[in-house]
There are 2 protein chains.
Amino acid sequence: MATLKYSRQREVIKEYLASTKEHPTADTVYLHVRKTFPKISLGTVYRNLNLLADTGEALKITTPDGGVRFDATTTPHYHVLCCKCGCVQDLDMKPIDTLDEQAQQCYNGIIRSHSVLFNGICSQCSKELSTH
Amino acid sequence: MATLKYSRQREVIKEYLASTKEHPTADTVYLHVRKTFPKISLGTVYRNLNLLADTGEALKITTPDGGVRFDATTTPHYHVLCCKCGCVQDLDMKPIDTLDEQAQQCYNGIIRSHSVLFNGICSQCSKELSTH
DNA sequence: CTCGGTGCAAACTGTTTGCAGTAAA
DNA sequence: TTTACTGCAAACAGTTTGCACCGAG
């Protein structure tokens, strides 16, 4: 892998990613970053997001609807997908470290890690539901 | 939802899906189904796969690389994604039904269900690894 | 000077859709 | 006859890539 060179664009993307608790799509990142960097191109955003994912500075997560989202929190954690608004939130729950071992008992190959996605309704949307 | 009408194409797709233990992509389904139904179009395959997913006769699963796969096994179960060959296999392990409750403790909104994807190496690929 | 990064636009991939014709009910 | 389903091709969305220029080291 070639040595990285500093770039103002990448820095802005990292800052934005670290500042938000949402899990923005590439497009959302583009829209926000463009506020402070109007001439940035979507291609550059994609290139840098993938770069950050490769170097482990960000996480690339895919939702069941096929959407790709980025997450600056790289320590293992689970996610909740809201089936109303489609938002993805972090779940403040300790990952089950014995899960891999359990799975290994039932599997011929090698288990390395796992990811869990919960489906549900975020607090915002469930509030709106109850007011109807 | 409109009432379904019988279609030979849909039947062939269902048969193929039920016959395989792999989790084929739409394209793989298309390739196989075309053997017995040469004039079927890719659009029809997509329409029917989505239809089956909607009626609950098949499961639509997305892998972290963004690929979409279909699974005729609709009872809850976990999956293993092989990071070598990219195949997706069923894991013969009882789903953890307390997981949703655990997650609910840590979450403001509503948790309904969850899915788990294990990352690892399938038995086929791990065999090939050890012979090098 | 060298080589990684950028903006832009074109290309590409996987999927959906509009249409006119076909076939199940 | 009615209306869902089909094949086809065009359209579409999200993402990647080739290129000429820019800028960090």
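Computed from a prediction, not measured in an experiment: that's the story for all the values here. Numbered from 1 within each chain, the chains take letters A, B, ... in sequence-line order.
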Please state how far atom [atom1] in [X] lies from atom [atom2] in [N], giving the value in whole angstrom units.
X	N	atom1	atom2	answer
B/Glu11	C/dA23	CD	C1'	15 Å
A/Ile40	C/dG7	CD1	P	5 Å
B/Asp27	C/dT16	CG	P	13 Å
A/Tyr6	C/dT6	OH	C1'	14 Å
A/Phe37	C/dG7	CZ	P	6 Å
B/Arg8	C/dA23	CZ	P	14 Å
B/Asp65	C/dG14	CG	P	11 Å
B/Lys5	C/dA24	NZ	C1'	5 Å

Residue list, side-chain contact (heavy atoms from CB on, under 4.5 Å) with A/Cys85, at least two apart or on another chain: A/Cys82, A/Cys87, A/Cys122, A/Cys125
Check whether any side-chain N or O of [X] sits under 4.0 Å from OP1 or OP2 of [N], and answer yes or no.
X	N	answer
A/Gln9	C/dG7	yes
A/Lys39	C/dC8	yes
A/Thr3	C/dG4	no

Which residues pass the side chain to side chain donor-acceptor pair (under 3.5 Å) test with [X], not counting sequence neighbours?
X	answer
B/Thr28	B/Thr25
A/Asp90	A/His23, A/His77, A/His79
A/Ser123	none

Taking ILVMFWY side chains as joined if any heavy atoms are under 4.5 angstrom apart, and letting links pass through other members, which residues group with [X]?
X	result
B/Tyr6	none
B/Val68	B/Val12, B/Ile13, B/Tyr16, B/Leu17, B/Val29, B/Tyr30, B/Leu31, B/Val33, B/Phe37, B/Ile40, B/Leu42, B/Val45, B/Tyr46, B/Leu49, B/Leu52, B/Phe70
A/Leu59	none

End axis versus end axis in the helix from C/dC1-D/dG25 to C/dA25-D/dT1, the angle rounded to 10°, five pairs used at each terminus: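 Inter-axis angle at the termini of the helix from C/dC1-D/dG25 to C/dA25-D/dT1: 30°.
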Covered region of DNA chain D, 5' end to 3' end, by chain B [heavy atoms, under 4.0 Å]: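 Reading along DNA chain D, I get D/dT3 to D/dC8.
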Minimum-distance nucleotide (side-chain atoms of B/Lys60 versus C/dG7, C/dG5, C/dT16):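 The answer is C/dT16, which lies nearest to the side chain.
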Pairs meeting criterion ring-ring contact (aromatic ring centres under 6.0 Å, His included) with involvement of residues 85-110 of chain A, two or more places apart: none
Residue list, salt bridge (Lys or Arg N to Asp or Glu O under 4.0 Å) with B/Glu57, at least two apart or on another chain: B/Lys14
Smallest separation among heavy atoms of A/Asp92 and B/Cys106, with atom names: O-CB, 3.4 Å
B/Gly66 vs B/Ser7, nearer the 5' end of DNA chain C by closest nucleotide: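 The 5'-side residue here is B/Gly66.
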Intermediate values then yes/no, side chain to side chain donor-acceptor pair (under 3.5 Å), B/Arg10 and B/Asn48: CA-CA 6 Å; B/Arg10 181 156 56 238; B/Asn48 279 306; 3.0 Å; yes
Matching residue for B/His114 among A/Val116, A/Leu117, A/Asn119 - test: side chain to side chain contact (heavy atoms under 4.5 Å, CB included):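 So, applying the side chain to side chain contact (heavy atoms under 4.5 Å, CB included) to B/His114 and each of A/Val116, A/Leu117, A/Asn119, only A/Val116 qualifies.
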Selection: residues 43-52 of chain B, any non-hydrogen atom under 4.0 Å of DNA chain D: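 The stretch gives B/Thr44, B/Arg47, B/Asn48 as the residues lying under 4.0 Å from the strand, ordered by number.
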